[in-house]
Amino acid sequence: MAAPSSAYQKLLNMGTKIVAVGRNYAAHAKELGNAVPKEPVLFMKPTSSYLGNGGTIEVPHPLESLDHEVELAVVIGRKARDVPESSAMDYVGGYALALDMTAREIQAAAKSAGLPWTVAKGQDTFTPISSVLPTSMVPDPDNLELWLKVDGEIRQKGSTKDMIFKIPFLISHISSLMTLLEGDVILTGTPKGVGPVKAGQKITAGITDLLDVHFNVGKRQRPSSS
């Protein structure tokens, strides 16, 4: 497995935002009863939601579970604004594996009320992420196998070749809306098979032949009243 240099790890610390792409795999859109989008569905996550490999994903009170969504993360290598699709890959600084942990009950309530997804997606520990792989180690990001297991049982397995909107288009599209800065991350969507995890379970996930990660799941401790 890869052992990326500290220079690549610093990229994540520099980032200002996480731009996530929803419903970017047709089978996942359908499993949640959503239409396949005609343009990217975007939402934001704060960088404070990052959790390093080996950490504990926290299920906040009063929830009993969170849904796992395994994704390829594209780490931006330099400032990008109004980038043409033809040169978009020049702005990629590296890749990582990330989980977009989702409080599905909160998201469902928000969707039905026409409200944002921030509370369902942006809480602390809701973006577990691997080390950053340099682009030289990922010659074909459009053909990577992503997988995720819960307690050793396979839950998700899919290929980035099935993404509806490919990486160059996403970089071009997002940079036409907002400037992407060095270290910013694009979460490119999840293949089918999303489902719940509860406190006490363990998640392992990876990019086949490149890296793997592991996370425990626990209950968030409520602050004691003074």
Side-chain angles (χ1 to χ4, degrees), residues 1-29 36-45 47 50 53 69-100 127-147 156-191 205-213:
M1 293 293 173
S5 71
S6 59
Y8 287 97
Q9 296 316 109
K10 288 177 183 176
L11 271 178
L12 284 182
N13 296 330
M14 297 171 64
T16 64
K17 56 186 170 292
I18 304 165
V19 185
V21 183
R23 307 170 193 169
N24 200 25
Y25 290 74
H28 169 61
V36 175
K38 292 183 170 58
E39 65 176 41
V41 175
L42 304 178
F43 58 94
M44 306 285 287
K45 301 185 70 164
T47 56
Y50 282 140
N53 186 20
E69 301 187 5
V70 66
E71 315 209 3
L72 177 68
V74 176
V75 186
I76 298 301
R78 58 191 174 102
K79 182 178 178 181
R81 186 182 186 203
D82 291 328
V83 171
E85 199 171 337
S86 58
S87 61
M89 297 304 283
D90 296 341
Y91 292 81
V92 177
Y95 299 92
L97 186 78
L99 309 183
D100 175 21
T127 313
I129 194 163
S130 74
S131 55
V132 179
L133 295 172
T135 55
S136 60
M137 295 186 65
V138 190
D140 189 5
D142 288 327
N143 189 26
L144 298 174
E145 183 180 73
L146 311 179
W147 58 269
Q156 290 186 268
K157 183 179 280 188
S159 174
T160 56
K161 70 181 189 310
D162 294 325
M163 287 196 294
I164 298 167
F165 303 106
K166 306 299 185 185
I167 295 168
F169 178 83
L170 290 173
I171 294 171
S172 179
H173 177 71
I174 294 168
S175 73
S176 75
L177 303 170
M178 63 189 83
T179 300
L180 292 168
L181 299 174
E182 186 177 7
D184 285 356
V185 162
I186 300 172
L187 298 183
T188 57
T190 192
I207 305 173
T208 300
D209 297 329
L210 285 177
L211 59 76
D212 54 59
V213 292

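- A heavy-atom distance below 4.5 Å is found between the side chains of Ile164 and Asn24.
- Side-chain atoms of Thr160 and Tyr25, non-hydrogen and from C-beta on, do get closer than 4.5 Å to each other.
- Contact record, Gly94 with Val132: CA-CG1, 4.0 Å, taken as the closest heavy-atom pair.
- For the pair Leu146 and Gln156, the minimum side-chain heavy-atom distance is 4.5 Å or more.
- In terms of heavy-atom proximity, Lys166 sits nearest to Lys161 at NZ-O, 2.6 Å.
- Within a 6.0 Å radius of NZ in Lys17, other residues, nucleotides and ligands contribute more than 12 heavy atoms.
- For the side-chain contact (heavy atoms from CB on, under 4.5 Å) with Ile186, the qualifying choice from Leu72, Leu42, Val21, Ile18 is Val21, the only one to do so.
- Closest approach of Asn143 to Ser159, counting heavy atoms only: OD1-OG, 3.7 Å.
- To the nearest 0.5 Å, the span separating CD1 on Ile174 from OG1 on Thr179 amounts to 12.5 Å.
- For the atom pair Lys79 NZ and Ser175 OG, the distance stands at 12.0 Å (nearest 0.5 Å).
- Side-chain contact between Leu12 and Tyr50 is present, with heavy atoms from C-beta onward closer than 4.5 Å.
- Side-chain contact between Met178 and Val19: present, with at least one pair of heavy atoms (C-beta onward) separated by less than 4.5 Å.
- Between the side chains of Asn53 and Ser130, no donor-acceptor pair of N or O atoms lies under 3.5 Å.
- Remark: Glu71 CD to Leu97 CG distance equals 9.0 Å, nearest 0.5 Å.
- Taking the side chain as every heavy atom from C-beta outward, Met89 and Ile167 approach each other to under 4.5 Å.
- A donor-acceptor pair under 3.5 Å is formed between the side chain of Ser172 and the backbone N or O of Val83.
- Looking at every heavy atom in both residues, Pro141 comes nearest to Tyr95 through CG-OH, 3.4 Å.
- Distance check, rounded to the nearest 0.5 Å: CE of Met14 to CG of Asp184 gives 9.5 Å.
- For the residue pair Glu69 / Thr190, no side-chain donor-acceptor distance below 3.5 Å is found, with atom types taken as modelled.
- More than 12 heavy atoms of other shown residues, nucleotides or ligands fall within 6.0 angstrom of atom CZ in Arg78.
- Between Ile207 and Val138 the shortest side-chain heavy-atom distance does not fall below 4.5 Å.
- The CG atom of Leu99 sits 9.0 Å away from the CD1 atom of Ile129 when rounded to the nearest 0.5 Å.
- In this structure the side chain of Leu211 reaches within 4.5 angstrom of the side chain of Leu133, judged on heavy atoms.
- Atom NZ of residue Lys45 and atom CG of residue Leu187 lie 6.5 Å apart, to the nearest 0.5 angstrom.
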